Number of protein chains: 2
Amino acid sequence: MTDQATPLGVTPAAGDLPESAGRVLLEILINGPLPRVELARRLGLSGPSLTRLTRPLIASGRLIEGVARHQSVGRPLQPLDIDVSSEHFIGIKLTGGALYAVVTDLRGEVLAESERSLNGNDPAVVAAEIATEVARFGTTFAGLTGVGIALGGRSPDGRVVGEANFLGWRNVPLADLVEVACNLPVVVANDVNALTQAQHWFGAGRGLDSFAVVTVGAGVGLGLVMHGRLVQGVHGGAGSIGHQVLTNSDATCWRGHRGCANALLSAQAIEAATERATGSPAPLDVILRGAERGDPALRAIVDQAGEALGLLIAGVANFADPQKILIAGEGARLGTVGGHAMLRAFHRAGAWETTETPIDVQPFAFNEWARGAAASAIYARVMA
Amino acid sequence: MTDQATPLGVTPAAGDLPESAGRVLLEILINGPLPRVELARRLGLSGPSLTRLTRPLIASGRLIEGVARHQSVGRPLQPLDIDVSSEHFIGIKLTGGALYAVVTDLRGEVLAESERSLNGNDPAVVAAEIATEVARFGTTFAGLTGVGIALGGRSPDGRVVGEANFLGWRNVPLADLVEVACNLPVVVANDVNALTQAQHWFGAGRGLDSFAVVTVGAGVGLGLVMHGRLVQGVHGGAGSIGHQVLTNSDATCWRGHRGCANALLSAQAIEAATERATGSPAPLDVILRGAERGDPALRAIVDQAGEALGLLIAGVANFADPQKILIAGEGARLGTVGGHAMLRAFHRAGAWETTETPIDVQPFAFNEWARGAAASAIYARVMA
DNA sequence: CCGATTTAGTTTCACAGTAGAATTTATTGG
DNA sequence: CCAATAAATTCTACTGTGAAACTAAATCGG
């Protein structure tokens, strides 16, 4: 943990601001430039309070006044914004064989990205590789403020990796290792939780009080926001729905469960089903493209997976009844290509009006994972 | 909605108290008598603040000073308590054919109870029956402050019953009907949510930040507390896990799902399985007693149900990773009698350390449902 | 072009809620 | 009786807040 003497620090008594000053900064960070009146309305404060609160923030450069926006009549609105380029964050997504990195600004916008394969999975080696990548970005981006590392595993405290089976890790103090190596504050997070945090602050979940992210990819995951905050779980294990049984089916996952989410929905499962059906292997995106073009065998497979996805989101809707469910991950396009089957299953299995829950499927680039990692670093910076 | 000019009103600016006065009252309501130092510690306030905040509360009778408790040395602690008998609440649990009512004090202690069968399920008739019961209690208990009604259904707003299938209701404005009939504020709640609220404030979930209640009875339900607050869901539909698929099984529920929670765990399902196996029907408690005594056929059935329960709580633990899971409902004893099978399945299907989540099974009396209803009324009174 | 109108933002001021320091109160133990 | 201990209180200064009145910067309409 290094103290960089940088400004900003958004919430609980960061520096020595009143708490509401932090809420002002956070509201602007999440929602973009806002005029004082609007901030007053959103935060339940009076106009005078906003003048008072923002004055020192502007004086110290934490907030900057944008160009006035004219309304139909009356004095124009004076939007206030955070200088999002005053700080930069690095997000790292670790997979079994590679490391994906992005640099973002304070609002999670990706400014640069890179990829590097990993030579082995010894924690020290991985930490060194991360540090190398961070150093490389450090030369082009001034003012790196924090590093977030996301992986398919569990970290109850944001510092130690409890488990990461794909790396064979248990209780690896990754944050400490990387902090020593690159002299920046480091946060470790579960990849799905990190992605959910990013979407909640800067993406499809912006401003929502309850929100769920279902990811389809190497595994199946779930991120949850309830009462406006990410649900992590006491052991950091919330959202471990990969082995949830969805239907009576013969498909088995790598742990031998029949009909679980991983058995029906993981990229590996869909690819295996395709190979069984067509005799030839193909990666998930090719399968999806084929189904889209009308190949009947692939269409059947995609529809079956889409149905499983529909059952999964029905389970999520029945469980938590969130305001919105986002389908994400490398396999998110399954929610589009197999969308019809998905929605049919969802409507069949969902209880009551929970079937009205908006399901959002967006194009997903792989660097979203690393962006999520950066969002975790931003969160830690801003809420700590 | 009637205003009774009664005192108390615990939180956001009730009356015209400072917000922290409300937090003081709530802390005492939930945790029982507490001395000022302890309150200061728990609420993050200073000693002087507690003197100041409590003075008017004591003067107005909202708080009463108990008998001083001597420590080893030093001035003795002066516990402050709420006069729990200053207000009384009625909790009503509606089932298909009957109405169960309790009277509680402010802390949810049951002071009286009653039961009455329902003649039909016309909303007006049911509302009248409720009003009769409330009036009957009104003669013995002075100062009735509110009525809570719990039922196996959904109420997104606490006033209208969205659906209650067992009564054949849709969009019934039950709270309005009963308020007109008995001139007291009325709240309507889902029975499992109400029970969860009661357990969170006055029971096994006291003080917990995250907490889950799994109920086994006529149906299977789930109540969730996250970030210290009950999760209701946008449509009031959170916790609808009755039709969640648990395992590959031939058992079907009344909707035709194979292997869902209701198909394996509802009282009806266990009773049906028993009749199939032994040829003679028996109610759930008899089945449980038989299994306990060592009857092999009943033991097998109970173990199978226990296993299903274990899978269900594993799903809950994997999903939300709460600090504790409570098994409740008329069939809660399944968690004891079939506890071994339950825990085995839980440990097999749970991810990581979530299997360390404490599972709490407590004796469950049917009036707990009505007590939950009363807790909803208390919540509404205190948080409104 | 100029004053009325509209809305954003500011200044002034009084007030509520808070904690720090010093003090009082009620006890135990010698 | 007195020292030690810890709870509770008094006194006081400070911080964050909004109401009321005001200023600023635009449009509109003659």
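Residue numbers begin at 1 in each chain, while the letters A, B, ... track the order of the sequences. All values reported here derive from a predicted model rather than from experimental measurement.
Atom CD in A:Glu65 sits about 9 Å away from atom P in C:dG9, given to the nearest Å. Atom CG in A:Leu80 sits roughly 11 Å away from atom C1' in C:dA8 (whole-Å rounding). What separates CD of A:Glu19 from C1' of C:dT18 is a distance of 14 Å, to the nearest Å. Rounded to whole Å, atom C1' of C:dG9 lies 10 Å from atom CZ of A:Arg55. For the pair A:Ile58 CD1 and C:dG9 C1', the interatomic distance rounds to 11 Å; values are reported in whole Å. The distance between atom CG of A:Leu39 and atom C1' of C:dG9, rounded to the nearest whole Å, is 13 Å. In this structure, B:Arg23 places its CZ atom 12 Å from C1' of C:dT18, rounding to the nearest Å. Going from atom CG of B:Leu53 over to atom P of C:dG17 covers 8 Å, rounded to whole Å.
A close approach under 4.0 Å does occur between a side-chain nitrogen or oxygen of A:Ser20 and OP1 or OP2 of D:dT17. At C:dA26, none of the side-chain N or O atoms of B:His70 fall inside 4.0 Å of OP1 or OP2 (strictly under the cut-off).
A heavy-atom distance below 4.0 Å to DNA chain C is reached by these residues of residues 42-52 of chain B, ordered by number: B:Gly44, B:Leu45, B:Ser46, B:Pro48, B:Ser49, B:Arg52.
A:Leu25 has its side chain within reach of A:Leu63: a pair of non-hydrogen atoms, C-beta onward, lies under 4.5 Å apart. Between A:Leu57 and A:Leu17, some side-chain heavy-atom pair lies under the 4.5 Å cut-off.
No engagement by A:Arg69 is indicated, since no non-hydrogen atom pair under 4.0 Å with the nucleic acid exists.
The pair A:Glu38-A:Arg42 meets the salt-bridge criterion, with a side-chain N (NZ, NE, NH1 or NH2) lying under 4.0 Å from an Asp/Glu carboxylate O. A:Arg107 and A:Glu87 are not joined by a salt bridge, as no carboxylate oxygen comes within less than 4.0 angstrom of a charged side-chain nitrogen.
For the 3.5 Å distance criterion, the side chains of A:Thr54 and A:Arg36 qualify, holding a donor opposite an acceptor. A donor-acceptor contact closer than 3.5 angstrom links the side chains of A:Ser49 and A:Arg52.
Judged by distance alone, with hydrogens and angles left aside, A:Arg75 brings a side-chain donor or acceptor within reach of the base of C:dA8, the pair sitting under 3.5 Å.
Map B:Leu77 and A:Ala68 each onto its nearest nucleotide of DNA chain D; the residue landing nearer the 5' end is B:Leu77. Both B:Gly74 and B:Pro35 lie near DNA chain D, and the one whose nearest nucleotide falls closer to the 5' end is B:Gly74.
For B:Arg36, taking side-chain heavy atoms from C-beta onward, the closest of the listed nucleotides C:dT7, D:dT9, C:dT10 is D:dT9.
In this pair, A:Tyr379 and A:Trp201 present their aromatic rings tilted. The plane angle is within the 30 to 60° band.
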